[in-house]
Asks: 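I have a structure here, written as structure tokens, and I will follow up with some questions on it.
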Amino acid sequence: NLKQALPQIGISKADVLYEVVAEGGITRIMGVYQDLEGAGDLGSIRSARDYYVSLAVGHDAVYIHAGGSPQAYDAFDNWGVTRIDFVNGPYGDMCWRDPERKKTAGLEHSLLTSSEKILDQMPSRFRLDHEEDYEVGWIFSQDPPAGGQEVTSLKVPFSKYKTGLFEYAEAEGRYLVAQHIDGADLPVLEGAGGGQLAVANVLVLYTDVAQIRGDSAGRMDVRTTGRGDGLLLRDGRLYEIRWQRDDRNDCFTFLDSSGTPIPLGVGTSYIDIVSTKADVTWG
């Protein structure tokens, strides 16, 4: 999510968007697509980190990436992840370098793929259906649950480089996504011409985030299992929640103050995973 790499392409078609900090305080965004049909172009495709791999495993997803950290490749080897690697795999026909992005944003931000190419060329050996007992476990409702407080804006600082900004648009019943990045406030735009990104749910999950000791590249260690505090924004209201994830094969569970699963609004969910020390504010 470097300023130079904007706008991302295909993010408005995702069902879930995860954002987590990586090296140098720069975040990366992982999109989860329940169905790729009609999603169009997607990118730019970047390298994997092990904590994103963990999140993808919880969705029983096919993980698509372009290279990765040593920790990510260890995860691939040890966790049996179904994946497509555009750097170290035989998938060159599934992706391309966009010449305009290559010229204006640089080589590393120019790698694109598309739903059509992925679906047409998906290896036949891949399992594309969930096992019978797999469930995401999230619940949804048209109407917001009782309680919470009326809140129209949220600021989520990931680092000195990036702060997420979310503003409730009551007429749409959605949160407009923006960011303070590299010293400027910018709307998060759909690079395929879809305007500003708008989502039904914004979740903030607090967890342990630290730089890996001795890692010369400054890579991060992010805890994605266990339990922690969090926030849910939906329908102009904020709820203090708890998250739980017992195993990497599970998705997150979102619980209210009584320990009961709390329903999300129908639509896209934007999940910010931040340090327990992050000074998240709202109003």
Side-chain angles (χ1 to χ4, degrees), residues 1-2 4-5 8 11 14 16-33 42-91 94-95 106-109 111 113 123 126-127 156-162 164 203-228 230 243-252 270-278:
N1 196 31
L2 189 67
Q4 183 181 355
Q8 290 103 359
I11 55 173
V16 184
L17 292 159
Y18 288 97
E19 186 169 13
V20 197
V21 73
E23 301 91 276
I26 298 167
T27 61
R28 294 183 182 226
I29 297 172
M30 182 177 78
V32 181
Y33 299 78
L42 305 166
S44 62
I45 309 301
R46 296 302 305 265
S47 56
R49 298 294 179 269
D50 59 319
Y51 39 94
Y52 285 103
V53 179
S54 171
L55 297 172
V57 168
H59 285 276
D60 193 30
V62 177
Y63 190 92
I64 298 177
H65 63 108
S69 67
Q71 295 85 359
Y73 278 103
D74 286 344
F76 290 140
D77 292 339
N78 296 327
W79 300 347
V81 181
T82 302
R83 63 190 181 91
I84 293 172
D85 186 346
F86 289 152
V87 170
N88 296 307
Y91 303 108
M94 250 193 225
C95 60
L107 180 69
E108 65 271 32
H109 307 304
L111 187 63
T113 186
F126 285 6
R127 176 176 61 84
V156 183
F158 289 89
S159 66
K160 293 180 179 178
Y161 184 84
K162 159 68 194 266
L203 294 112
V204 178
L205 308 183
Y206 297 100
T207 190
D208 301 314
V209 178
Q211 188 172 322
I212 298 173
R213 187 173 299 177
D215 189 286
S216 59
R219 298 183 185 95
M220 307 300 290
D221 181 38
V222 180
R223 179 174 62 87
T224 60
T225 57
R227 303 182 180 201
W243 65 264
Q244 180 175 329
R245 188 171 181 238
D246 295 332
D247 184 86
R248 65 172 170 266
N249 292 311
D250 302 324
C251 268
F252 288 110
Y270 201 110
I271 302 178
D272 304 293
I273 298 179
V274 299
S275 167
T276 54
K277 300 177 182 177

Asks: Of all heavy-atom pairs between C251 and G58, which one has the smallest distance, and what is that distance?
Replies: SG-O, 3.1 Å

Asks: Going from CG on D221 to CG on D208, what distance comes out if it is rounded to the nearest 0.5 angstrom?
Replies: 8.5 Å

Asks: Which distance, rounded to the nearest 0.5 Å, do you find between the CG of N1 and the CZ of R46?
Replies: 11.0 Å

Asks: Could you tell me how the ring of H59 sits relative to the ring of Y18: parallel (under 30°), tilted (30 to 60°) or perpendicular (over 60°)?
Replies: perpendicular

Asks: Return the minimal non-hydrogen interatomic distance between A75 and D50, and the atom names on each side.
Replies: CB-CB, 4.3 Å

Asks: Taking all atoms of both residues into account, what is the closest heavy-atom pair of Y270 and I29, and its distance?
Replies: OH-CD1, 3.7 Å

Asks: Angle between ring planes, Y73 versus F76, binned at 30° and 60°: parallel, tilted or perpendicular?
Replies: perpendicular

Asks: Where do W243 and T225 come nearest, in terms of heavy atoms and distance?
Replies: CH2-O, 3.6 Å

Asks: Between M30 and V16, is a side chain to side chain contact (heavy atoms under 4.5 Å, CB included) present by the stated rule, with each step listed?
Replies: CA-CA 8 Å; M30 182 177 78; V16 184; over 6 Å; no

Asks: If you round to the nearest 0.5 Å, how far is CG of L111 from SG of C95?
Replies: 4.5 Å

Asks: Does R245 make a cation-pi contact with F252 (under 6.0 Å, within 45 degrees of the axis)?
Replies: yes

Asks: Checking side chain to side chain contact (heavy atoms under 4.5 Å, CB included) for the pair L2/Y161: CA distance, chi angles, key distance, verdict?
Replies: CA-CA 9 Å; L2 189 67; Y161 184 84; 3.3 Å; yes

Asks: Does R223 use its side chain to pair, donor to acceptor, with the backbone of R227 at less than 3.5 Å?
Replies: yes

Asks: Using every non-hydrogen atom in the two residues, find where Y206 and S275 come nearest and quote the distance to one decimal.
Replies: CD2-O, 3.5 Å

Asks: Using modelled atom types and a 3.5 Å cut-off, is there a donor and acceptor pairing between side-chain atoms of R28 and backbone atoms of R49?
Replies: no

Asks: Check for a donor-acceptor pair, side chain of D215 on one end and backbone N or O of R219 on the other, with a separation under 3.5 Å.
Replies: yes

Asks: Could you tell me whether the side chain of D250 and the main chain of D247 form a donor-acceptor pair under 3.5 Å?
Replies: yes

Asks: Go through the steps for E19 and K162 under the test salt bridge (charged side-chain N to carboxylate O under 4.0 Å, His left out), then give the verdict.
Replies: CA-CA 11 Å; E19 186 169 13; K162 159 68 194 266; 2.5 Å; yes

Asks: What distance separates S69 OG from I212 CD1, expressed to the nearest 0.5 Å?
Replies: 7.0 Å

Asks: Can you name the nearest heavy-atom pair linking G31 to A14, along with the distance?
Replies: CA-CB, 4.1 Å

Asks: Measure the CD1-OG1 distance between I84 and T113 for me, rounded to the nearest 0.5 Å.
Replies: 8.0 Å

Asks: Given L205, which partner from the list V20, T224, D272, I271 fulfils the side chain to side chain contact (heavy atoms under 4.5 Å, CB included) test?
Replies: I271

Asks: For residues 51-66, which residue pairs pass the salt bridge (Lys or Arg N to Asp or Glu O under 4.0 Å) check, not counting sequence neighbours?
Replies: D60-R127

Asks: S159 side chain to G25 main-chain N or O, any donor-acceptor pair under 3.5 Å?
Replies: yes

Asks: Test of understanding: with ring pair (Phe, Tyr, Trp, His ring centres under 6.0 Å), list the residues that count as partners of Y52, not counting sequence neighbours.
Replies: none

Asks: D85 side chain to A66 main-chain N or O, any donor-acceptor pair under 3.5 Å?
Replies: no

Asks: Which distance, rounded to the nearest 0.5 Å, do you find between the CD of E108 and the OG of S47?
Replies: 10.5 Å

